[in-house]
Amino acid sequence: MRRWVASLRWRLLLAALLAVSLALVLAGVAIARLFERHVTQQFDLRLQDQLTQLLAALEPDADGQPVLARPLADPRWQRPYGGLYWQVQAVGRAEAEPALRSRSLWDERLPLADDTLPDGALHRHALPGPAGQRLRALERAVQWGDHGPRWRVVVAADTRELEQALGAFHGALARSLAGLGAALLAAVAAQLWLGLRPLRALQHAVQRVRDGHETRLRGHFVAEVQPLVEDFNRVLAHDEQGVERARRLAGNLAHAIKTPLAVIGTLAEELQPREPALATALQEQVQRLREQVDWHLRRARAASAAHPARPTPVQPVLEGLLRVMRKVHAHAPQRPDEGAELAWDVEVTPPGLAFAGEAHDLQEIAGNLLDNAGKWARTRVEVRAWQEGPWWVLCVQDDGPGLTPEQCAAVLQRGVRADERAPGAGLGLDIVREVVSLYSGQLQLQRSPWGGLAVQVRLPAAA
């Protein structure tokens with residue numbers, strides 16, 4: 001669930017980032033275009049005012065040629081390349097020299113296109129100007145009298161001021177939108193954090209159930225999550241009832257079977273003086289049936305591993321088993337020197353290492369492995385336990401004869417033993433494999449550093 005919550009959080013943040021970015025880009029483009037249109041209109045209005053003043057100052061002379069009757073007020077008309085220019089030119093004579101032009105043009109001219117304008121109409125042009133300037137021009141065709149020549153009157157201004165205003169606005173707009181985007185993303189992140197808090201509380205409750213600290217989901221949950229919590233608790237209760245029912249059935253079955261087996265065993269003992277061969281055969285079959293019943297009982301009990309259990313400390317279980325094994329395997333037949341004591345070495349790292357499962361399941365796994373190692377070891381058995389992330393590893397290795405790869409695969413089968421001379425029904429490693437598989441663990445057999453068998457078991461560790 002933790003990965004799901006994190007994935008949902010990052011997906012929502014990524015979706016919010018894309019949505020905010022797209023919205024800000026579209027808003028920025030729209031605002032920039034509106035501002036550019038507004039500034040350009042203001043620029044054209046000022047040019048139109050300049051054109052109106054120029055037309056008011058122009059008059060025809062006796063020959064019908066335009067003359068400037070009075071000077072214009074703006075000093076830029078007089079300053080060479082001052083950024084404000086005017087020009088008067090006959091219609092249809094674009095290549096000819098202008099009849100009049102502002103002093104600011106000096107010896108330059110405005111390169112007008114050879115087009116025809118109706119009287120009173122305004123034309124807008126983008127023109128190259130003197131000294132590499134970029135100009136925006138307004139043009140109007142005028143005529144003095146009914147039969148006089150028509151003239152093109154043009155005013156133009158450098159667009160540097162317009163471009164600077166647009167550039168400054170674009171920079172301020174970009175900074176403002178970036179700040180607004182950061183604020184929106186922070187607000188979305190805060191909203192996601194607050195909105196997903198119920199899921200994090202649910203995640204912690206599930207972890208406590210998984211680790212065995214609780215048997216139900218407990219805590220205060222929002223109304224939207226509470227139905228899910230109640231349904232999950234009902235599933236846990238139903239599962240717990242099923243496990244308990246299975247345990248009771250297994251116990252009843254064991255009691256029902258063991259009682260007749262005990263009676264048969266007693267009868268076989270009474271039959272021993274008269275029919276020793278038959279009595280021995282009966283006792284062997286009774287013993288085998290008891291082992292089978294015990295094995296199936298352990299398997300049924302291990303099936304409850306799917307039910308959450310309280311954490312089981314590893315070191316006390318191993319130490320308790322070792323105390324028993326030191327007595328049981330004090331003088332194993334595989335040892336060359338019958339007088340030498342078998343050395344048992346155990347190390348648990350860290351000391352507080354805990355198994356996320358039932359204590360009797362850990363005893364079942366470790367007990368079978370230690371018993372098997374004690375049967376075949378010559379001088380020593382080494383037991384190591386350590387944690388690897390969410391798992392912990394139990395390694396039991398001895399210096400006995402060991403197994404070939406083919407034998408390692410065979411002994412994991414139910415009832416198969418590597419040496420038929422050794423006592424037992426051949427169920428130990430198979431029981432270990434069954435219990436380990438119920439915890440989704442791993443069982444691996446290989447050769448130990450001393451030539452014997454090394455068995456590694458990987459099981460879930462408690463938080």
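Counting begins at 1 with the first residue of the sequence.
Atom CD of Glu161 and atom CZ of Arg46 lie 5.5 Å apart (nearest 0.5 Å). A distance of 5.0 Å separates CD of Gln50 from CG of Leu84, quoted to the nearest 0.5 Å. Put simply, CZ on Arg216 and CD on Glu230 are 13.0 Å apart, with the number rounded to the nearest 0.5 Å. How far CZ of Arg175 is from CG of Leu177: 11.0 Å, rounded to the nearest 0.5 Å. To the nearest 0.5 angstrom, Leu112 atom CG is 12.0 Å from His123 atom NE2. Distance check, rounded to the nearest 0.5 Å: CD of Gln456 to CG of Leu369 gives 11.0 Å.
Residues Thr312 and Glu358 approach most closely at OG1-C, 3.7 Å, considering heavy atoms. When all heavy atoms are compared, the tightest approach of Leu24 to Gly181 is CD1-CA, 3.3 Å. Taking each heavy atom of Leu162 and Val39 in turn, the nearest pair found is CD1-CG1, 2.9 Å. Taking both residues in full, the closest heavy atoms of Ser104 and Arg76 are given as CB-O, 3.3 Å, listed atom of the first, atom of the second, then distance. Across every non-hydrogen atom of Trp450 and Asp398, the tightest pair is CE3-O, 3.6 Å. Among all heavy-atom pairs drawn from Arg447 and Leu403, the shortest one is NH2-O, 3.6 Å.
Taking the side chain as every heavy atom from C-beta outward, His125 and Val154 never approach each other to under 4.5 Å. Pro111 has its side chain within reach of Pro128: a pair of non-hydrogen atoms, C-beta onward, lies under 4.5 Å apart. Put simply, the side chain of Asn233 reaches to within 4.5 Å of the side chain of Leu236, judged on heavy atoms. Side-chain atoms of Trp386 and Pro350, non-hydrogen and from C-beta on, never get closer than 4.5 Å to each other. Annotation: side chain of Leu318 is not in contact with side chain of Leu362 (no heavy-atom distance under 4.5 Å). For the pair Leu459 and Leu394, the minimum side-chain heavy-atom distance is 4.5 Å or more. Counting heavy atoms from C-beta on, the side chains of Glu382 and Asp399 never come closer than 4.5 Å. By the 4.5 Å heavy-atom criterion applied to side chains, Trp392 and Val314 are counted as neighbours.
A donor-acceptor contact shorter than 3.5 Å links the side chain of Arg378 to the backbone of Gly400. In terms of modelled atom types and a separation under 3.5 Å, the side chain of Tyr81 and the main chain of Arg79 share no donor-acceptor contact. Using a distance-only test at 3.5 Å, with no hydrogens or angles considered, a donor-acceptor pair links the side chain of Asn368 to the main chain of Glu364.
Taking 4.0 Å as the cut-off between side-chain N and carboxylate O, Asp345 and Arg384 count as a salt-bridged pair.
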side-chain contact (heavy atoms from CB on, under 4.5 Å) assessment of Asp158 paired with Leu135: CA-CA 5 Å; Asp158 188 2; Leu135 306 179; 4.3 Å; yes
Intermediate values then yes/no, side-chain contact (heavy atoms from CB on, under 4.5 Å), Val381 and Met325: CA-CA 11 Å; Val381 175; Met325 295 301 165; over 6 Å; no
Derivation and outcome, side-chain contact (heavy atoms from CB on, under 4.5 Å), residues Val229 and Arg218: CA-CA 9 Å; Val229 173; Arg218 304 188 189 280; over 6 Å; no
Check against side-chain contact (heavy atoms from CB on, under 4.5 Å), Tyr439 and Asp361: CA-CA 10 Å; Tyr439 284 96; Asp361 291 331; 2.7 Å; yes
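Among pairs with a residue in residues 27-39, none fulfils side-chain hydrogen bond (donor to acceptor under 3.5 Å, both in side chains), at least two apart in sequence or across chains.
Counting heavy-atom neighbours within 6.0 Å of Trp106 CH2, excluding the residue itself, gives a total of 12 or less. Taking a 6.0 Å sphere around CZ of Arg134, one finds it holds 12 or fewer heavy atoms contributed by other residues, nucleotides or ligands. Counting non-hydrogen atoms of neighbouring residues, nucleotides and ligands closer than 6.0 angstrom, the CD atom of Glu163 exceeds 12 such neighbours. Under a cut-off of 6.0 angstrom, the local environment of CZ in Arg234 is crowded, with over 12 non-hydrogen atoms contributed by other residues, nucleotides or ligands.
Using cut-offs of 30° and 60° for the angle between ring planes, the His329 and Trp344 rings count as tilted.
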